[in-house]
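Okay, so here's the structure we're looking at.
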Amino acid sequence: MLQLAHISDLHYTEANRARVAALFDVVRRAGIDHLIVTGDLTADAREEHLIQVRDLLFASGFRTSAQLTVIPGNHDIFGFIYQTYSKPNAVVKVRTRRDLLNTIRTLWHFRRRLLAYNDAAYQQDVAAFRAHFVEAYENCLTMRQSPGGFPFVKLLPDNIALIGLDTNHLMPRSYNLLRILRGSRSAMKTWDLTPIGDNLSGSTGFLDFATTKAALEMPQIEGRRKIVVMHHYLYPLPHVEDLTSGVFAREMQLRNREEISALFISHGVDLILHGHWHIDDAYQLDGALGPKVLNGGGSLWSGFNRIEAGERGLQFKVGMRN
């Protein structure tokens with residue numbers, strides 16, 4: 001019986017290193033065969049943080065492709081966004097002329113980077129992420145038309161096929177300058193902004209339909225239990241709006257959720273693992289016909305999701321601490 005663990009949204013920095021290390025230790029002691037991390041391993045994609053979280057994973061015994069699957073989240077890719085506003089006093093309430101000049105200077109440099117960001121820059125960021133976890137991407141099945149190595153398929157024991165997807169590929173194109181100038185540092189930290197353009201803060205997701213469909217139709221996975229691994233969630237927009245706010249729901253959503261959900265159902269996906277919203281949860285995708293979905297976004301506080309692949313199919317428990 002294959003024992004899988006699912007965690008997500010570590011948002012690693014030196015400040016939470018001990019908590020991250022403790023979570024990895026809990027997973028190691030639980031007798032897990034394969035660990036799946038569904039994105040946002042770091043808070044702002046700094047190279048030193050990627051190296052540190054990788055070293056903690058490796059030290060816990062999760063190193064090879066047979067032991068570890070990692071995919072990037074928006075915080076692992078759009079580092080220039082989060083790094084801009086993680087600097088002390090990057091954006092403050094404008095009380096003096098000096099405050100105004102500092103804020104304008106920050107925003108001007110940010111705007112230049114934002115407008116210059118394109119598909120080539122995105123692929124470089126994806127490649128940089130993968131390079132830190134190269135061992136975890138060995139022996140994966142990919143397609144010639146897959147940009148950046150996504151999607152990929154990983155064949156595991158007990159008839160399991162993991163399908164790793166990149167849901168971040170939606171360029172951040174525009175920004176609400178007036179709201180930033182009026183906003184407080186806390187507002188910037190939570191990205192409590194009105195969405196304008198394609199992807200205001202790097203949080204909105206999009207999944208390429210054609211390559212995802214091709215991955216689900218690979219002959220090598222026919223008859224296997226299909227577990228999809230992605231970062232963005234699949235909750236219906238009204239559900240998230242009811243529990244949070246319209247701003248949060250629109251800015252965090254997977255833009256083509258309905259199309260992708262229908263694809264997963266029609267192609268017999270058995271289980272979907274994701275993060276992005278910082279809660280732990282299990283839900284059914286679009287009613288009784290849909291597969292089960294596990295959110296591991298609250299892993300740092302709640303523990304890991306445990307999945308057992310055996311004769312009875314895929315059994316799971318959410319928020320395990322041992």
Side-chain angles (χ1 to χ4, degrees), residues 1-9 33-39 69 71 73 140-141 150-167 205-240 252-277 279-299 302 304-320:
M1 180 180 294
L2 187 68
Q3 302 285 338
L4 304 168
H6 166 222
I7 61 176
S8 195
D9 293 79
D33 302 308
H34 192 98
L35 173 61
I36 301 165
V37 191
T38 52
T69 294
I71 61 167
C140 293
L141 304 176
F150 291 93
F152 66 82
V153 170
K154 187 177 291 189
L155 304 181
L156 297 181
D158 286 281
N159 210 32
I160 297 295
L162 292 183
I163 299 98
L165 305 177
D166 174 22
T167 57
F206 183 84
L207 186 55
D208 183 74
F209 183 89
T211 56
T212 303
K213 183 175 183 289
L216 292 171
E217 293 175 353
M218 279 187 173
Q220 295 93 328
I221 70 173
E222 185 175 355
R224 286 180 173 264
R225 298 163 178 165
K226 303 180 185 68
I227 301 179
V228 164
V229 179
M230 56 193 288
H231 179 64
H232 287 78
Y233 58 69
L234 291 166
Y235 297 100
L237 186 64
H239 174 79
V240 184
M252 298 284 283
Q253 68 178 320
L254 186 74
R255 286 292 178 89
N256 56 341
R257 176 207 176 272
E258 286 73 21
E259 178 183 43
I260 294 301
S261 296
L263 178 67
F264 290 160
I265 293 171
S266 66
H267 282 69
V269 170
D270 296 280
L271 183 66
I272 301 166
L273 308 178
H274 70 72
H276 198 44
W277 189 3
I279 60 174
D280 284 322
D281 192 19
Y283 60 101
Q284 201 92 23
L285 182 63
D286 290 355
L289 293 178
K292 283 288 187 181
V293 187
L294 303 186
N295 182 2
S299 297
S302 304
F304 66 95
N305 297 332
R306 185 175 195 134
I307 303 113
E308 295 181 350
E311 294 180 357
R312 295 187 300 164
L314 298 173
Q315 308 293 318
F316 63 86
K317 294 181 180 179
V318 175
M320 298 290 293

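In this text, all values refer to a predicted model and were calculated from it rather than measured experimentally. Numbers here simply count residues along the sequence, with the first being 1.
- For the atom pair CD (Gln253) and NE2 (His232), the distance works out to 9.5 Å, reported to the nearest 0.5 Å.
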For residues 153-163, please give each side-chain donor-acceptor pair under 3.5 Å, one per line with the distance, not counting sequence neighbours.
| from | atom 1 | to | atom 2 | distance (Å) |
| --- | --- | --- | --- | --- |
| Lys154 | NZ | Ser65 | O | 3.2 |
| Lys154 | NZ | Ser65 | OG | 3.4 |
| Lys154 | NZ | Leu68 | O | 2.8 |
| Lys154 | NZ | Thr69 | OG1 | 2.9 |
| Lys154 | NZ | Ala136 | O | 2.8 |
| Asp158 | OD2 | Leu2 | N | 3.2 |
| Asn159 | ND2 | Gly223 | O | 2.9 |

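- Residues meeting the side-chain hydrogen bond (donor to acceptor under 3.5 Å, both in side chains) test with Arg257, sequence neighbours left out: Asp286.
- Residues Leu165 and Ile71 have side chains not in contact (no heavy-atom distance under 4.5 Å, counting atoms from C-beta outward).
- Closest non-hydrogen pair, Ile221 versus Ala215, comes out as CD1-O, 3.4 Å.
- Between Tyr233 and Val240, the shortest heavy-atom distance links the atoms OH-CG1, 3.5 Å.
- In this structure, CZ in Phe152 is found 10.5 Å from CG in Leu141, a value given to the nearest 0.5 Å.
- For the atom pair CG (Leu237) and CZ (Arg255), the distance works out to 10.5 Å, reported to the nearest 0.5 Å.
- The side-chain heavy atoms of Leu273 and Ile307, taken from C-beta on, include a pair separated by under 4.5 Å.
- Shown here for Val269 and Lys226, the closest heavy-atom pair between the two residues is CG1-O, 3.8 Å.
- With sequence neighbours excluded, the residues forming a side-chain contact (heavy atoms from CB on, under 4.5 Å) with Ile279 are Tyr235, Trp277, Asp281, Asn295, listed by chain and number.
- What you find for Ala282 and Leu294 is that their closest heavy atoms are CB-CD2, 3.6 Å.
- To the nearest 0.5 angstrom, Leu4 atom CG is 12.5 Å from Gln315 atom CD.
- Qualifying ring pair (Phe, Tyr, Trp, His ring centres under 6.0 Å) partners for Phe264, counting only residues two or more places apart in sequence or in other chains: none.
- With contacts defined as side-chain heavy-atom distances shorter than 4.5 Å, the pair Ile265/Pro291 qualifies.
- Residues satisfying the side-chain contact (heavy atoms from CB on, under 4.5 Å) criterion with Ala262, sequence neighbours excluded, are absent altogether.
- The backbone N or O of Met252 lies less than 3.5 Å from a partner atom in the side chain of His276, making a donor-acceptor pair.
- For residues 211-221, the pairs satisfying side chain to side chain donor-acceptor pair (under 3.5 Å) are Asp208-Thr211, Lys213-Glu217, Glu217-His267, with sequence neighbours left out.
- Partners of Arg306 by side-chain hydrogen bond (donor to acceptor under 3.5 Å, both in side chains), not counting sequence neighbours, listed by chain and number: Gln3.
- Under the side-chain hydrogen bond (donor to acceptor under 3.5 Å, both in side chains) criterion, Gln284 pairs with Lys292, sequence neighbours left out.
- Scanning for side-chain contact (heavy atoms from CB on, under 4.5 Å) contacts around Glu259 gives Phe209, Asn256, with sequence neighbours left out.
- For the pair Ser261 and Leu234, the tightest heavy-atom approach, listed with the atom from each and the gap, is OG-CD2, 3.9 Å.
- With hydrogens and angles ignored, the 3.5 Å screen pairs no side-chain donor or acceptor of Ser302 with any backbone N or O of Ser299.
- Residues that satisfy the side-chain contact (heavy atoms from CB on, under 4.5 Å) test with Ser8, not counting sequence neighbours, are His6, Thr38, His231.
- In this structure, CE in Met218 is found 9.5 Å from CG in Leu216, a value given to the nearest 0.5 Å.
- Annotation: the span from Phe150 atom CZ to Thr167 atom OG1 amounts to 9.5 Å, rounded to 0.5 Å.
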